[in-house]
Amino acid sequence: MTVCLAVMGVEFRHLEAFLAAVEEGSISRAARLLRVTQPALSRTLSQLEQQVGATLLRRSAKGVELTAAGMAFRAKATQAVNAFTEAVSSPFDAPRPLRVGHAWAALGRFTTNLIQRWRVEHPEYPLQLRQVDDLYVKLDEAVIDIAVVRGQRPGSRYRHELLYREARLAAVPAQHQLANRRSVTLGELVPYDLVVNTASGTTEPYLWEENRRPAVTVEVATVDDWLSNIAAGAGLGITPDPSSQLYQRPEIVYVPLSDAPPVTVYLAWPPHSSHPALRDFLAIARALVG
């Protein structure tokens with residue numbers, strides 16, 4: 001696509017060249033993708049860096065990688081290209097899906113109803129649930145349009161909304177002495193080792209008093225590893241309520257925590273999101289959770 005739209009000397013082709021180089025990790029591969037010569041693409045990238053007044057890509061024999069300035073610029077470039085493509089697309093083109101990112105569990109017990117209601121009310125826009133790591137990175141890169149965030153409140157860089165709260169449960173091995181309890185307290189977990197998902201979990205030291213906390217002996221990065229370690233007796237876990245429905249295993253029992261604060265569930269999205277169905281998604285999500 002050749003477009004002579006320019007803002008302060010930056011044209012669409014500059015943004016297109018930059019994003020292609022980032023995606024491919026190589027100027028030569030990006031040149032083949034865009035069907036231009038490598039020297040021509042290099043000149044285009046140099047022109048872009050001159051216009052923005054910063055080095056965006058670090059070149060080496062292995063390819064290219066983003067500088068700190070390049071990482072910040074990529075988010076803006078992606079948003080600009082997506083917005084422009086949306087504006088000039090034909091009304092007969094297939095609508096762009098609304099991509100909802102989540103680390104796990106999506107909207108928990110509301111997920112099925114969300115999908116069903118969306119299909120009825122907005123069949124023109126496919127709804128894609130994407131389980132991804134680094135939700136904020138994917139928002140910045142415009143890989144997803146909106147994110148379901150559990151735990152800490154999103155930062156001021158994003159628009160966000162507190163959607164609902166989920167109760168916390170203790171996940172214990174089925175043979176553990178706490179497995180038959182109707183409920184347990186945070187204090188009763190202190191003597192035992194804890195398995196913590198450091199990538200997408202919501203268990204933080206602040207749940208306990210500073211001088212009386214469990215010894216965290218196992219740190220994992222995925223839900224599967226978290227489950228496997230608890231099932232094997234390596235420690236206990238703490239998790240929001242959806243785990244008891246989504247991750248049932250005969251070796252694990254979920255016991256309510258009577259004194260644990262609930263997990264907050266937020267929706268977060270970029271301040272200048274261009275997806276036309278985003279507002280409708282927010283409205284339906286609000287209605288479902290009451």
Side-chain angles (χ1 to χ4, degrees), residues 1-101 124-126 128 130-147 154-159 268-278:
M1 179 187 296
T2 301
V3 181
C4 293
L5 177 67
V7 178
M8 296 181 65
V10 177
E11 301 177 10
F12 186 91
R13 64 186 179 87
H14 293 117
L15 302 182
E16 187 179 43
F18 170 73
L19 293 176
V22 172
E23 183 69 24
E24 296 296 320
S26 163
I27 292 178
S28 60
R29 289 197 296 269
R32 288 195 295 270
L33 177 68
L34 298 176
R35 298 181 180 178
V36 298
T37 66
Q38 184 173 337
L41 183 60
S42 294
R43 287 194 298 271
T44 300
L45 293 171
S46 295
Q47 291 168 2
L48 174 63
E49 291 177 323
Q50 290 173 4
Q51 290 295 333
V52 301
T55 300
L56 304 176
L57 296 171
R58 187 176 295 109
R59 289 121 170 120
S60 71
K62 296 181 179 179
V64 295
E65 60 181 14
L66 287 166
T67 63
M71 292 181 66
F73 185 78
R74 175 173 58 175
K76 298 177 181 179
T78 303
Q79 291 172 3
V81 169
N82 286 344
F84 178 80
T85 303
E86 185 82 28
V88 302
S89 62
S90 166
F92 302 105
D93 291 343
R96 179 163 66 86
L98 180 66
R99 303 157 301 176
V100 182
E124 71 279 18
Y125 289 109
Q128 292 183 356
R130 295 191 177 185
Q131 187 170 355
V132 298
D133 296 325
D134 300 324
L135 287 169
Y136 295 121
V137 172
K138 296 301 187 290
L139 280 174
D140 290 343
E141 295 175 352
V143 172
I144 56 177
D145 301 295
I146 190 169
S156 58
R157 290 179 54 203
Y158 308 93
R159 299 190 65 182
W269 63 97
H272 304 296
S273 175
S274 62
H275 200 290
L278 182 62

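Computed from a predicted structure; not experimentally measured.
Within 6.0 Å of the CZ atom in Arg159, the count of heavy atoms belonging to other residues, nucleotides or ligands does not exceed 12. Within 6.0 Å of CD in Gln131 there are more than 12 heavy atoms belonging to other residues, nucleotides or ligands.
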- Run the numbers on Ile146 and Tyr158 for side-chain contact (heavy atoms from CB on, under 4.5 Å), then give the verdict. CA-CA 10 Å; Ile146 190 169; Tyr158 308 93; over 6 Å; no
- Item | Verdict with supporting geometry, Phe73 and Leu66, side-chain contact (heavy atoms from CB on, under 4.5 Å) | CA-CA 9 Å; Phe73 185 78; Leu66 287 166; over 6 Å; no
- side-chain contact (heavy atoms from CB on, under 4.5 Å) between Trp269 and Asp145, intermediate numbers included: CA-CA 6 Å; Trp269 63 97; Asp145 301 295; over 6 Å; no
- Any chance you could lay out the side-chain contact (heavy atoms from CB on, under 4.5 Å) test for Arg157 and Tyr136, step after step, and finish with the verdict? CA-CA 10 Å; Arg157 290 179 54 203; Tyr136 295 121; over 6 Å; no
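The closest side-chain heavy-atom distance from Leu45 to Ile27 is below 4.5 Å. Here the side chains of Val22 and Leu57 are in contact, with some heavy-atom distance below 4.5 Å.
Closest of all the heavy-atom pairs between Gly101 and Leu135 is C-CD2, 3.7 Å. Considering all non-hydrogen atoms of both residues, Tyr125 and Ala277 come closest at CD1-CB, 3.8 Å. Minimum interatomic distance between Ser28 and Gln38 (heavy atoms only, all atoms of both residues): CB-OE1, 3.4 Å. For the residue pair His14 and Leu48, the shortest heavy atom distance occurs at O-CD2, 3.8 Å. Across Val64 and Ala21, no two heavy atoms sit closer than the pair CG2-O, 3.5 Å. Nearest heavy atoms, Ala54 versus Ala69: CB-CB, 4.1 Å.
Rounded to the nearest 0.5 angstrom, Glu11 CD and Glu16 CD are separated by 11.5 Å. Between atom OG1 of residue Thr78 and atom CD of residue Glu23 there is a gap of 9.0 Å, rounded to the nearest 0.5 Å. Atom CD in Glu49 sits 7.5 Å away from atom OG1 in Thr67 (nearest 0.5 Å). Rounding to the nearest 0.5 Å gives a distance of 5.0 Å between CD of Gln47 and CZ of Arg13. Taken to the nearest 0.5 Å, the CD atom of Gln128 stands 10.0 Å off from the CZ atom of Arg96. Atom CG of Leu19 is separated from atom CG of Leu33 by 11.0 Å, given to the nearest 0.5 angstrom.
Of the listed residues (Lys76, Arg99, Arg74), just one forms a salt bridge (Lys or Arg N to Asp or Glu O under 4.0 Å) with Glu141, and that residue is Arg74.
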